[in-house]
Amino acid sequence: MKLTSNKEIQKARDAYFSVFRNRSPYHEPFHENTPARALVYPVETYPDDDLYFAIANAAAGLGEDEAYFSTIMDVTEDSYFAVDYWKLDLDEYPFNEKGMKENGWIAILESTIYSTEGSWGVILTNRQFGLVGGSNPFLDSLRNWIPDLDAQAGRFVDFSWYGREGPGDSSAWLAGLLAHIYGEEKGAAILRGG
């Protein structure tokens with residue numbers, strides 16, 4: 001369901017900013033008090049079936065059956081950076097083509113799916129990586145559904161265009177992001193391939 005009332009949109013924004021401190025996945029997006037974090041790779045700009053069901057099942061483990069979905073960037077004619085909000089029933093997969101058209105979906109470049117309670121959130125980028133953060137129980141449960149979650153950051157460094165030998169200063173950008181997600185020591189080890 002697309003949110004249209006200011007009150008509902010404000011509730012969605014408040015939930016988003018409980019986990020994230022900004023909308024950019026490239027500039028330390030998580031609050032300092034977001035305890036558990038991981039990089040997800042590869043991803044689409046919206047959750048595919050496997051990622052969606054992993055998120056839905058991890059949320060169900062916390063007793064949550066709804067989530068918010070927001071665009072960060074879209075490619076509508078009106079605005080390149082428009083932000084729209086939806087409330088999802090996590091028991092239903094909404095991203096099929098028919099469902100997207102019926103529910104007013106737009107061409108998505110980057111998006112977020114996050115807890116209505118503000119306990120977890122996922123940012124998906126147009127650069128094939130995503131960031132997930134939230135409570136330790138949420139991340140622990142997500143690891144049950146995505147057993148290789150902790151190896152995905154290393155694969156992103158190894159196989160993406162933005163890896164160790166990426167264009168321009170991307171390796172510096174990536175070092176900062178990995179430090180934000182995993183801490184200085186572990187982030188540096190991932191960037192070195194360890």
Side-chain angles (χ1 to χ4, degrees), residues 1-40 43-49 51-135 137-139 141-142 177 180-181:
M1 168 181 74
K2 187 171 183 178
L3 302 182
T4 55
S5 80
N6 289 338
K7 183 178 179 181
E8 285 296 317
I9 289 171
Q10 188 58 52
K11 284 172 65 176
R13 286 182 181 147
D14 291 345
Y16 178 88
F17 287 111
S18 293
V19 179
F20 302 106
R21 67 173 151 193
N22 62 58
R23 294 195 185 283
S24 173
Y26 311 102
H27 302 290
E28 299 187 355
F30 293 108
H31 281 293
E32 302 80 31
N33 62 351
T34 303
R37 308 167 190 181
L39 186 144
V40 184
V43 298
E44 301 294 328
T45 58
Y46 58 87
D48 65 12
D49 294 14
L51 181 58
Y52 184 86
F53 290 117
I55 292 167
N57 284 311
L62 300 177
E64 298 182 31
D65 58 1
E66 292 182 322
Y68 290 119
F69 177 82
S70 302
T71 58
I72 297 175
M73 291 194 306
D74 69 45
V75 289
T76 63
E77 293 177 18
D78 296 333
S79 173
Y80 188 70
F81 291 99
V83 176
D84 289 308
Y85 299 89
W86 289 265
K87 193 174 212 179
L88 306 177
D89 177 346
L90 290 173
D91 292 332
E92 298 177 17
Y93 183 63
F95 296 101
N96 61 63
E97 186 176 337
K98 181 176 184 283
M100 289 176 80
K101 288 178 182 172
E102 288 174 357
N103 289 295
W105 298 111
I106 53 179
I108 299 166
L109 289 180
E110 295 187 343
S111 66
T112 61
I113 184 170
Y114 51 101
S115 166
T116 57
E117 306 298 316
S119 61
W120 56 267
V122 181
I123 297 178
L124 302 173
T125 74
N126 61 352
R127 299 193 174 157
Q128 294 189 308
F129 76 91
L131 304 173
V132 58
S135 66
F138 177 77
L139 263 288
S141 182
L142 194 63
L177 180 67
H180 176 67
I181 301 299

Between [X] and [Y] (side chain of the first, backbone of the second, donor and acceptor by atom type, cut-off under 3.5 Å), is there such a pair?
{"X": "Asp84", "Y": "Lys2", "result": "no"}
{"X": "Arg21", "Y": "Glu28", "result": "yes"}
{"X": "Tyr16", "Y": "Asn22", "result": "yes"}
{"X": "His31", "Y": "Val19", "result": "no"}

Does any part of the side chain of [Y], heavy atoms only, come nearer than 4.5 Å to the side chain of [X], both counted from C-beta?
{"X": "Leu131", "Y": "Val40", "answer": "no"}
{"X": "Ser141", "Y": "Asn57", "answer": "no"}
{"X": "Phe129", "Y": "Leu177", "answer": "yes"}
{"X": "Ile113", "Y": "Leu88", "answer": "yes"}
{"X": "Val132", "Y": "Phe30", "answer": "no"}

Measure the acute angle between the ring planes of Trp86 and Phe69, then classify it against the limits of 30° and 60° as parallel, tilted or perpendicular.
tilted
Heavy-atom closest contact ([X] atom, [Y] atom, distance):
{"X": "Thr34", "Y": "Gly133", "answer": "CG2-C, 3.8 Å"}
{"X": "Leu90", "Y": "Ala56", "answer": "O-CB, 3.5 Å"}
{"X": "Ala36", "Y": "Ser135", "answer": "CB-O, 4.0 Å"}
{"X": "Leu3", "Y": "Ala12", "answer": "CD1-CB, 3.9 Å"}
{"X": "Trp120", "Y": "Ala59", "answer": "CZ2-CB, 3.8 Å"}

Nearest 0.5 Å, what's the [atom1]-[atom2] distance between [X] and [Y]?
{"X": "Lys87", "Y": "Glu8", "atom1": "NZ", "atom2": "CD", "result": "5.5 Å"}
{"X": "Leu124", "Y": "Thr71", "atom1": "CG", "atom2": "OG1", "result": "12.5 Å"}
{"X": "His180", "Y": "Glu32", "atom1": "NE2", "atom2": "CD", "result": "8.0 Å"}
{"X": "Ile55", "Y": "Leu142", "atom1": "CD1", "atom2": "CG", "result": "6.5 Å"}
{"X": "Ile123", "Y": "Ser24", "atom1": "CD1", "atom2": "OG", "result": "7.5 Å"}

Would Arg13 and Tyr68 count as a cation-pi pair here, with the cationic atom under 6.0 angstrom from the ring centre and within 45° of the axis?
no
Stepwise, does the side chain to side chain donor-acceptor pair (under 3.5 Å) test hold for Ser18 with Tyr114?
CA-CA 10 Å; Ser18 293; Tyr114 51 101; over 6 Å; no
Between Asp14 and Gln10, do the side chains contain a donor N or O and an acceptor N or O under 3.5 Å apart?
yes
Say whether Glu64 and Ser115, considering side chains only, have a donor N or O and an acceptor N or O under 3.5 Å apart.
yes
Lys/Arg-Asp/Glu bridge criterion (N-O < 4.0 Å) met for Glu110, Arg23:
no
Over 12 foreign heavy atoms within 6.0 Å of CG, Asn6
no
